[in-house]
Asks: 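Here it is: the structure, laid out below.
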Amino acid sequence: MRMNFECTGCGKCCHFPDGYKLVISTTEWTDYADCFPLFLSFEFFRADCLAVGLREGTTLTKPESWEHLANSGQVIAVETALGKMYLQMRAQIFALPGPDGRCQALKDKKCSIYDDRPLVCRAYPVATDYPLKGITAMSAKGLKRDIEKKDYECKSDDSAPMLIENDILPTETQALIDKYWLGLRDVSKLLMKAEGFDRVMREAAEMMQTNVDYQWRTDLMPILRFMSPQKVPDKEGLLRRQMQLLQEILASPGESETKKIAAHVYESYQLQGVPVP
Ligand code: SF4
Ligand code: SF4
C-alpha cells in the first residue's frame with residue numbers, strides 16, 4: 001500500500017457540519033480545555049455478544065472465565081439489579097466546533113493554533129482510530145472518501161509527495177498514533193476511578209439487559225464531571241472557562257447541532273451546581 005498526499009490549504013477538514021467531531025486525546029485534553037468546550041462520549045458493548053472477537057484476541061480457553069478477563073482489565077464487571085454483566089467500553093473526548101460547524105481554531109481558512117494543533121489534526125490523513133493492522137489501507141480509503149464525498153481539496157495523485165510507502169508510516173506519524181491509543185487507554189483508566197462513573201455504567205448495563213441490544217452509547221457528558229485535570233492547579237478557573245465557551249455558542253444566532261450539544265453540556269454542569277460565570 002502506498003499513499004500520496006499534499007495539503008492545498010482549503011481548510012475543509014476543519015469543518016464539522018455533519019456530525020463529525022474533532023477528537024482530542026486524553027494525553028492532551030487539558031492543553032485544549034481553555035480553547036474548546038470539551039465533552040465525553042461513551043460506548044459500552046455487551047462482552048458476551050463480542051465473545052468471538054475476544055477469543056480471537058485473547059486465546060480464551062476453558063479454565064478462563066469472564067471474571068479472569070475482568071481481572072486482567074479486558075472487560076468490565078458491572079453489578080446490576082438483574083445480576084452481573086461484563087462490558088467493553090470505548091470512551092472519547094470531543095471538542096465542540098462553533099455554531100457554524102467550523103473548528104473554533106479556524107480563522108480565515110487557517111488554523112490559528114497550527115504549531116500546537118491536536119494530534120489527530122497532525123496525523124491527518126492517517127486514520128487514528130483503527131488498530132495498526134490495516135491502518136494504511138483504511139487511511140487511503142478514508143482520504144479517497146473525503147476527497148470524493150466531502151469535497152476536500154487534498155492532492156493525492158502521483159505528483160504529491162509519498163506519505164505511505166510499502167505499508168510503512170513515517171516514524172513521526174506512527175508516534176502520533178501510538179500517543180492516541182495511549183490516550184484512549186488512559187481515558188478508560190481515569191474514568192474507572194471517577195466519582196459517579198459506576199452509576200453511568202450500571203445504567204448502561206441495565207438498559208442493555210432489558211433491551212437485549214449489545215451496545216449503548218451516550219454523548220454529551222461534560223468532561224469535568226468525570227475527569228479531574230491533574231496538571232491544572234485551577235480547576236475552578238477551567239470550569240468557568242468551559243462555561244463561558246458554552247455560553248458564547250449558546251448566545252450565537254440560529255439553531256444548529258452544535259448549539260443542541262452545547263445546551264445539553266451546559267445544563268449538565270448547572271445541574272451539578274457549577275456557578276454561571
Ligand atoms: S485545531 Fe486547527 S487543524 Fe485542527 S481542526 Fe481546528 S483549525 Fe483545523
Ligand atoms: S481538506 Fe485536505 S487540502 Fe484541505 S486543509 Fe484539509 S488536509 Fe489540507
Side-chain angles (χ1 to χ4, degrees), residues 5 7 9-43 90-130 135 138-139 142-143 145-147 149-154 173 176-184 186-187 190 217-227 229 238 241-246 248-250 252 256-266 268:
F5 170 77
C7 172
C10 73
K12 290 181 181 168
C13 58
C14 307
H15 289 220
F16 304 91
D18 46 8
Y20 287 85
K21 301 180 195 93
L22 175 57
V23 182
I24 302 287
S25 157
T26 37
T27 49
E28 54 182 1
W29 77 270
T30 46
D31 299 338
Y32 296 106
D34 211 33
C35 63
F36 304 114
L38 299 172
F39 60 97
L40 286 160
S41 158
F42 308 122
E43 278 171 287
R90 181 179 162 92
Q92 280 184 304
I93 300 170
F94 294 118
L96 197 60
D100 56 0
R102 287 164 203 246
C103 173
Q104 300 203 40
L106 188 69
K107 310 275 181 245
D108 298 327
K109 284 196 189 175
K110 289 207 165 49
C111 176
S112 57
I113 53 169
Y114 189 78
D115 289 341
D116 300 309
R117 66 199 186 286
L119 63 86
V120 273
C121 307
R122 287 167 198 271
Y124 188 82
V126 176
T128 38
D129 52 354
Y130 289 99
I135 205 168
M138 292 313 294
S139 304
L143 179 62
R145 181 206 56 209
D146 287 348
I147 293 171
K149 299 231 164 83
K150 299 199 223 160
D151 221 14
Y152 283 14
E153 295 175 28
C154 324
T173 311
L176 294 174
I177 312 265
D178 291 346
K179 207 172 160 194
Y180 176 83
W181 281 98
L182 188 71
L184 272 187
D186 274 3
V187 79
L190 281 169
R217 179 180 174 145
T218 183
D219 282 332
L220 320 176
M221 293 284 186
I223 190 160
L224 286 159
R225 177 171 163 198
F226 292 116
M227 291 174 64
L238 202 60
R241 183 72 185 124
Q242 284 283 297
M243 291 293 266
Q244 272 164 359
L245 289 166
L246 290 164
E248 280 161 32
I249 291 173
L250 291 172
S252 63
S256 67
E257 187 58 30
T258 303
K259 279 182 85 168
K260 281 189 210 150
I261 298 175
H264 188 101
V265 177
Y266 191 78
S268 302

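Bear in mind the structure is a predicted one, so any value in this text is a computation, not a measurement. Every heavy atom of this structure was used, including side-chain atoms; hydrogens, water molecules and symmetry mates were not.
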Asks: Side-chain donor-acceptor pairs under 3.5 Å in residues 95-103, sequence neighbours left out?
Replies:
residue, atom, partner, partner atom, Å
Asp100, OD1, Arg102, N, 3.1
Asp100, OD2, Arg102, NE, 3.2

Asks: Can you list every ring-ring contact (aromatic ring centres under 6.0 Å, His included) pair that touches residues 104-127, not counting sequence neighbours?
Replies: none
Asks: Is the backbone N or O of Ala33 less than 3.5 Å from a side-chain atom of Gln242, with the two atoms forming a donor-acceptor pair by type?
Replies: yes
Asks: Does anything in residues 105-120 form a salt bridge (Lys or Arg N to Asp or Glu O under 4.0 Å)? List the pairs, not counting sequence neighbours.
Replies: none
Asks: What are the two closest heavy atoms between Ala105 and Ile113, and how far apart are they?
Replies: CB-CG1, 3.7 Å
Asks: Taking side chain to side chain donor-acceptor pair (under 3.5 Å) as the test, write out the residues that go with Ser25, two or more places apart.
Replies: Thr27
Asks: Hey, does Leu143 have a side-chain heavy atom less than 4.5 Å from the side chain of Cys154?
Replies: yes
Asks: Kindly write out the residues that satisfy side chain to side chain donor-acceptor pair (under 3.5 Å) with Lys12, not counting sequence neighbours, or none if the list is empty.
Replies: Glu153
Asks: Nearest heavy-atom pair of Ile249 and Gln104: which atoms, and what distance?
Replies: CD1-NE2, 3.3 Å
Asks: Taking the side chain from Trp181 and the backbone from Thr128, do they hold a donor-acceptor pair closer than 3.5 Å?
Replies: yes
Asks: Of the non-hydrogen atoms in Ala127 and Ile177, which two are nearest, and what is the gap between them?
Replies: O-CD1, 3.5 Å
Asks: Determine whether Gln92 and Arg90 make a side-chain contact, defined as any pair of heavy atoms from C-beta on separated by less than 4.5 Å.
Replies: yes
Asks: Using side chain to side chain donor-acceptor pair (under 3.5 Å) as the criterion, list what pairs up with Ser252, not counting sequence neighbours.
Replies: none
Asks: With side-chain contact (heavy atoms from CB on, under 4.5 Å) as the test, would you mind laying out the steps for Ile24 and Leu38 before giving the verdict?
Replies: CA-CA 8 Å; Ile24 302 287; Leu38 299 172; 4.0 Å; yes
Asks: Can you see which heavy atom on Phe94 is nearest to which on Ser41, and at what distance?
Replies: CE1-CB, 3.3 Å
Asks: Give the minimum heavy-atom separation between Leu22 and Pro118, together with the two atoms involved.
Replies: CD2-CG, 4.4 Å
